[in-house]
Amino acid sequence: MALLFASTADDPELWRRELGRRLPGLEIRVHPEIGDPADIDLALVWLPPPGLLASLPNLKAILSLGAGVDAMLDDPTLPADLPLCRLVDPSLTATMSEYVLLHVLKYHRMQDLFARDQRERRWQLRLPAPASSTRVGILGLGVLGTDAARVLAGHGFSLRGWSRSQKQLDGVACFAGPAQLPAFLAQTDILVCLLPLTAETTGILDRDLFARLPKGARLVHVGRGAQLVEEDLLDALDRGQLGGATVDVFVQEPLPPEHPFWAHPAIDITPHAASYSDPAVGADVIAENIRRFFDGRPLQHVVDRARGY
Ligand code: NDP
Ligand code: OXD
């Protein structure tokens, strides 16, 4: 009975310490020091090498160290019948909402324009408008989108959100499904993408979608790289259809040095760093699922593989 830890983005020793505090008897093996693969019952992973999970003959459940599991679902060797649980962690949610607030405020308070003025040594007073006059639209009203909406509402922004199924959220005008997407976009000054990557959302941030936003709208993209058609973003910025974009996720990560986003004056990039799962917090959630597994109780946050998230 052992848990395999495999992630190149997370510190195994921090997770070992935090999980060990909560589950003292748990044996943790850190990839690539697996030992006998037949000993592994559970895998705690982020972007595991394709084929790794399929090589564990007694694996019974997969726990993701990330909220989005698209990369794992993309691995054709992923064992089809095992529960795959995504991470729903208060520290990841809080850091994501912080990132969204930071960049929405940047655009609302015209900090992007002040930065350009500074580069051009231009002293230009720009007076702020009330937050209620800035319309923020959130694509995806799941765990992260709902919390971002709550935080933005606390700052007085005018909010709308779009999801697959119809929602009712206090202070958020809710839209659902492809038919209501145009109406949602027409009243969005700052668009935040917090969608999972699925067949339906691949390439959703494209020329047609940008054309439906008010001219000069801004984009904050924190979903997944493949949702954005990168050349359409460059084109929309060049034509002034979009006024600026903040991008955290890319088709190719790390972003290659020659990529045009690096030096574009209207694009701010961060290296897939919008949120962070603090092991001291996230271990509560993971440990609860491990206890459930050993007690034979239903696991939490199991991904619906047919839906893709
Ligand atoms: P959830 O599963 O909780 O929420 C997903 C939301 O997207 C739901 O509201 C869902 O609608 C909606 N949605 C899915 N497909 C569609 C569709 N075709 N049309 C309209 N709405 C759709 O996920 P989280 O909020 O936890 O995470 C969202 C994503 O954020 C992750 O999958 C990941 O890609 C990204 N992420 C990025 C990070 C970063 O550092 N940049 C960090 C963490 C996550 P419904 O409610 O109706 O099901
Ligand atoms: C995630 C991420 O999905 O960090 O958790 O991208």
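When a residue number appears, it is its place in the shown sequence, counting from 1.
By the 4.0 Å N-to-carboxylate-O rule, Glu33 lies too far from Arg29 to be salt-bridged with it. Salt-bridge formation is not detected for the pair Arg207/Asp232: no Lys NZ or Arg NE/NH1/NH2 atom is positioned less than 4.0 Å from an Asp or Glu carboxylate oxygen. Salt bridge present: Arg150 and Asp147 bring a charged side-chain N and a carboxylate O closer than 4.0 Å. Using a cut-off of 4.0 Å between Lys/Arg side-chain N and Asp/Glu carboxylate O, Glu288 and Arg297 are scored as salt-bridged.
In terms of hydrophobic clustering, with Ile, Leu, Val, Met, Phe, Trp and Tyr side chains grouped at heavy-atom distances under 4.5 Å, Leu52 and Val303 are assigned to a common cluster. Follow the hydrophobic side-chain contacts under 4.5 Å out from Val45 and you reach Leu84 in the same cluster. Linking Ile, Leu, Val, Met, Phe, Trp and Tyr whenever their side-chain heavy atoms come within less than 4.5 Å leaves Met110 and Leu105 in two separate clusters. Linking ILVMFWY side-chain heavy atoms closer than 4.5 Å, directly or via other members, places Leu47 and Leu87 in a single hydrophobic cluster. Cluster annotation: Leu152 is connected to Leu141 through the hydrophobic network of ILVMFWY side chains, with a link wherever side-chain heavy atoms come within less than 4.5 Å.
Residues Val143 and Leu92 fail the side-chain proximity criterion, which asks for heavy atoms closer than 4.5 Å. Within the 4.5 Å cutoff, side-chain heavy atoms of Arg126 are placed close to those of Asp117. The side-chain heavy atoms of Leu53 and Pro79, taken from C-beta on, include a pair separated by under 4.5 Å. Contact annotation: the side chain of Tyr309 never approaches that of Arg86 to less than 4.5 Å [non-hydrogen atoms, C-beta and beyond]. Two residues are said to be in side-chain contact when any heavy atoms from C-beta on lie closer than 4.5 Å; Phe250 and Ile269 meet this criterion.
Open room surrounds CD on Gln118; 12 or fewer heavy atoms of other groups in view lie less than 6.0 Å from it. Within 6.0 Å of atom CG in Asp36, more than 12 heavy atoms from other residues, nucleotides or ligands are found, so the atom counts as buried in its surroundings.
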Stepwise side-chain contact (heavy atoms from CB on, under 4.5 Å) check, Leu3 with Ile290: CA-CA 9 Å; Leu3 173 134; Ile290 295 174; 3.6 Å; yes
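Between the side chains of Tyr107 and Thr246, at least one donor-acceptor pair of N or O atoms lies under 3.5 Å. Side-chain contact, Thr134 with Asp189: no donor N or O sits under 3.5 Å from an acceptor N or O. For the residue pair His259 and Gln252, no side-chain donor N or O sits within less than 3.5 Å of a side-chain acceptor on the partner. Remark: the Arg160 side chain and the Ser158 side chain contain an N/O donor-acceptor pair separated by less than 3.5 Å.
Between the side chain of Thr188 and the backbone N or O of Ile190, no donor-acceptor pair lies under 3.5 Å. Asp278 places no side-chain N or O within 3.5 Å of a backbone atom of Ser91 that could act as its donor or acceptor partner. In this structure, His155 contributes its side chain and Phe157 its backbone to no donor-acceptor pair below 3.5 Å. Side chain of Ser133 to backbone of Ala129: no donor-acceptor contact under 3.5 angstrom is found. Trp162 places no side-chain N or O within donor-acceptor distance of the main-chain N or O of Leu185, the cut-off being under 3.5 Å. In this structure a side-chain-to-backbone donor-acceptor pair under 3.5 Å is present from Gln241 to Leu213. The closest donor-acceptor contact from the side chain of Thr198 to the backbone of Thr201 lies under 3.5 Å. Distance alone, capped at 3.5 Å, is enough to place a donor-acceptor pair between the Asp75 side chain and the Gly51 backbone.
When Arg119, Lys106, Arg218 are each tested for a salt bridge (Lys or Arg N to Asp or Glu O under 4.0 Å) with Asp112, only one passes: Arg218. Of the residues listed (Val136, Leu205, Ile138), the one engaging Leu191 in a side-chain contact (heavy atoms from CB on, under 4.5 Å) is Leu205, and it is the only one.
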